[in-house]
Amino acid sequence: MEFGSQEPLGQTFCKISHEILCKCCDEGSLHARTMFLFDLLGNYKWGAKVALVLTSFVASYGELRLLMQQYSSSPLAISVAMLKKLPADSSPLKPRFKALSLLVNAIVDVTKCIIKFEKLPLSHVELDDETKAVTKSQIYIAVYWIIRGILICSSQITDPTAMKSEQYSDSTIIASWELLSLVYQLRSIYSDLRQQVEVCHQQTETKLYQKLLDIFKETQVDNQEVLRLLFALRDDLPLKDCSSQAKLGVSDLKNKVVILMISKPELLSIEGSLFLVQQTHNHPHKKNAEDSYRIVWVPIPVSNQWTDAEETIFEYLSNSLPWFSIRQPWLLNSAVVKFIKEAWNYKNEPVMVVLDSQGTVTNSNAIDLLFIWGPKAYPFSASREEELLQEQNWTLQFMMDEIDPLLTKWVEEGRNICIYGSDSIDWIVEFTAKMEIIKSAGVQLEMVYVGKRNSSQQDMRNISATVSYKKLSSALPPMKTHFFWLRLESIRRSKLRLRKPANSSDNVLDEASALLDADDNDKNWAVIGRGSDSMMQDIVRLEGPDLTECLNKFPKWGENVGELGFLGALRHALEPSVLPEPCGHFDVTLPGKEQGEGGVVCGKCKHPMKKFVVYK
């Protein structure tokens, strides 16, 4: 809570306690003592005034409540009561204690109402003049009666003469009625103030939402005002570094691209979360843009209120992730949550909104962009995404990227690689046996099993273990198998979102969709291609019976491997009509670059290219 006095808080607290607990009712009128406390607390906010007075009183009240609860069963409670000169029989005082309890509850309710008003983001949005004037007037009156009520309660507790147990005495009845009268008055004040604070709440929510809409339409000098409006309405240090648990302010994000990872408290699936960590924190290109951007996790609960389970999972994940996070996401203003849901189209599915260094939204959802390219996509704008997709061909390097180090090495070395998927171990045994026949004919070929997207974890582990145990081929570990399919899904989503006109062809979209559809339809499939050699962008995809039929005919089309290379021969066997006469196309290959098995195949006519050496 923010206070506004230069005097040490402990000293102020002692003065308040002395005034409340050490003076009897006859030492000055209640009004004079109440006004004295007003003067003493003059530099504090109204919520702080009542909080300090209530805190000073609550220790003695709590002691009395504890004694009353244990009086009949605890010898210690009886001894303490005797020292305080409390009556042995407290039953005649029960009406007074009941009235005291009701009064304290009423005081607490009004205090909460005042604090709720002071938590409104009034430094960012202005209330209407009339609303402000009416609310402040009601708060002034409420604070006066709270302090007066606490003084009355304190006198009832600390004055031994007020605790005489004269059964059915007039003083007990009068004291109870006096307390109940004050309860009624505070309840009336609470009812009016609660309605007025709700009016203020609705007004600030409406104005704050409109201000958020407006600020994202304006050009800002930097991202600070935008981030303060989103996250720092109630907390000057609203962020934390999940790795170090250090508290951070929005100033730590100044001059950086900020990616807001908006999701449920559960974040993504386990596989999705780990893949996102790999593509951001553990990516080989991370250092190229490491200091230029930050990811900030913004968890939003499914309902309007956080549950205990959601808070628990948030605390666990926010202590494990390598990014920044909102430190207390339950403190996010409801207008901010509404803005995120409506303006940024958040519907309980993860989105990653990118803000540039000026706080302008440059990409409404960059999650697929990061899944595909990681830090290479910096600054993660929609235009950068479109640029990358337009430049990208369908190659093995693009399919696999950095998912597995060994596979990445094979791709970089330009090897022939066969990637295949199935959930039938019998088909896998048959398929790998046919591929071994091809390899025994001198074809250098690496094989990798990538599982099936919708298989259970157990099935995937069993099949991968069998493939590895029988040495049928290499196999991606189950987690990296998930990464492979998540990447393909992201490629398709990204392409569909930024797709060209419907009548234009898109080889990347077609191939990614074909693999996902084959997997959905339980088809056995294989993709065969060459690694990163820029002249060998062709990839051959085979599915179901076509795959089996083609492999059975290898003795026939395998005769062309020497002339066309393995990929060229395979493509010619599948589509003999697409191999026209040799063309006059030429390419320049730099010295030191290996051509690999079968030489270089022309990207246009698919014939092997003749090699000439040019000296300079």
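Throughout, residue positions are numbered sequentially from 1 according to the sequence presented.
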Does [X] [atom1] have over 12 foreign heavy atoms under 6.0 Å away?
X: Gln245; atom1: CD; result: yes
X: Asp39; atom1: CG; result: yes
X: Gln305; atom1: CD; result: no
X: Lys341; atom1: NZ; result: yes
X: Asn348; atom1: CG; result: yes
X: Leu496; atom1: CG; result: yes

Which heavy atom of [X] sits nearest a heavy atom of [Y], and at what distance?
X: Val351; Y: Ser364; answer: CB-O, 4.4 Å
X: Ala366; Y: Val354; answer: CB-CG2, 3.6 Å
X: Ala99; Y: Val183; answer: O-CG2, 4.0 Å
X: Leu103; Y: Cys153; answer: CD2-SG, 3.1 Å
X: Tyr44; Y: Ala48; answer: CB-CB, 4.0 Å
X: Asp241; Y: Leu248; answer: N-CD1, 3.7 Å

Sub-4.5 Å side-chain heavy-atom contact between [X] and [Y]:
X: Cys200; Y: Thr131; result: yes
X: Gln328; Y: Arg234; result: no
X: Phe371; Y: Ser494; result: no
X: Tyr346; Y: Lys264; result: yes
X: Asn105; Y: Val108; result: no
X: Leu276; Y: Trp323; result: yes
X: Ser273; Y: Val277; result: no
X: Arg33; Y: Arg148; result: no

If you measure from [atom1] on [X] to [atom2] on [Y], what distance do you get to the nearest 0.5 Å?
X: Tyr293; Y: Leu355; atom1: OH; atom2: CG; result: 15.0 Å
X: Glu310; Y: Asp308; atom1: CD; atom2: CG; result: 9.5 Å
X: Asn345; Y: Asn365; atom1: CG; atom2: CG; result: 9.0 Å
X: Thr34; Y: Ile147; atom1: OG1; atom2: CD1; result: 7.0 Å
X: Ile189; Y: Tyr184; atom1: CD1; atom2: OH; result: 11.5 Å
X: His124; Y: Glu126; atom1: NE2; atom2: CD; result: 11.5 Å

is_close_aromatic(His31, Tyr144), centroid dist under 6.0 Å: yes

Keeping the roles fixed (side chain from [X], backbone from [Y]), state whether a donor-acceptor pair exists under 3.5 Å.
X: Lys240; Y: Arg327; result: no
X: Asn363; Y: Phe380; result: yes
X: Glu271; Y: Met479; result: no
X: Lys132; Y: Leu127; result: no
X: Gln220; Y: Thr360; result: no
X: Asp356; Y: Thr362; result: no
X: Thr55; Y: Ala51; result: yes
X: Lys211; Y: Val125; result: no
X: Gln196; Y: Val134; result: no

Note: Glu385-Arg497 ion pair, threshold 4.0 Å (strictly below): yes

Side chain to side chain contact (heavy atoms under 4.5 Å, CB included) between Leu41 and Val50, intermediate numbers included: CA-CA 9 Å; Leu41 298 166; Val50 293; over 6 Å; no

Any pair counted as side-chain hydrogen bond (donor to acceptor under 3.5 Å, both in side chains), so long as it reaches residues 109-121, sequence neighbours left out: Asp109-Arg187

Derivation of the salt bridge (charged side-chain N to carboxylate O under 4.0 Å, His left out) call for Lys207 and Asp128: CA-CA 11 Å; Lys207 291 188 174 185; Asp128 296 342; 3.0 Å; yes

Gln358 and Thr219 side chains, donor-acceptor separation under 3.5 Å: no

Side-chain H-bond candidate by donor/acceptor type, Gln210 with Asp214, under 3.5 Å: yes

Steps toward side chain to side chain contact (heavy atoms under 4.5 Å, CB included) verdict (Phe275, Arg487): CA-CA 9 Å; Phe275 188 39; Arg487 180 177 172 79; 4.1 Å; yes

Worked verdict on Leu268 versus Ile367 for side chain to side chain contact (heavy atoms under 4.5 Å, CB included): CA-CA 11 Å; Leu268 309 173; Ile367 192 166; 4.1 Å; yes

Candidate pair Ser383 and Glu387, rule side chain to side chain contact (heavy atoms under 4.5 Å, CB included), full reasoning: CA-CA 6 Å; Ser383 58; Glu387 176 188 347; over 6 Å; no

ring-ring contact (aromatic ring centres under 6.0 Å, His included) between Trp46 and Phe117, intermediate numbers included: CA-CA 10 Å; Trp46 293 95; Phe117 170 77; over 10 Å; no

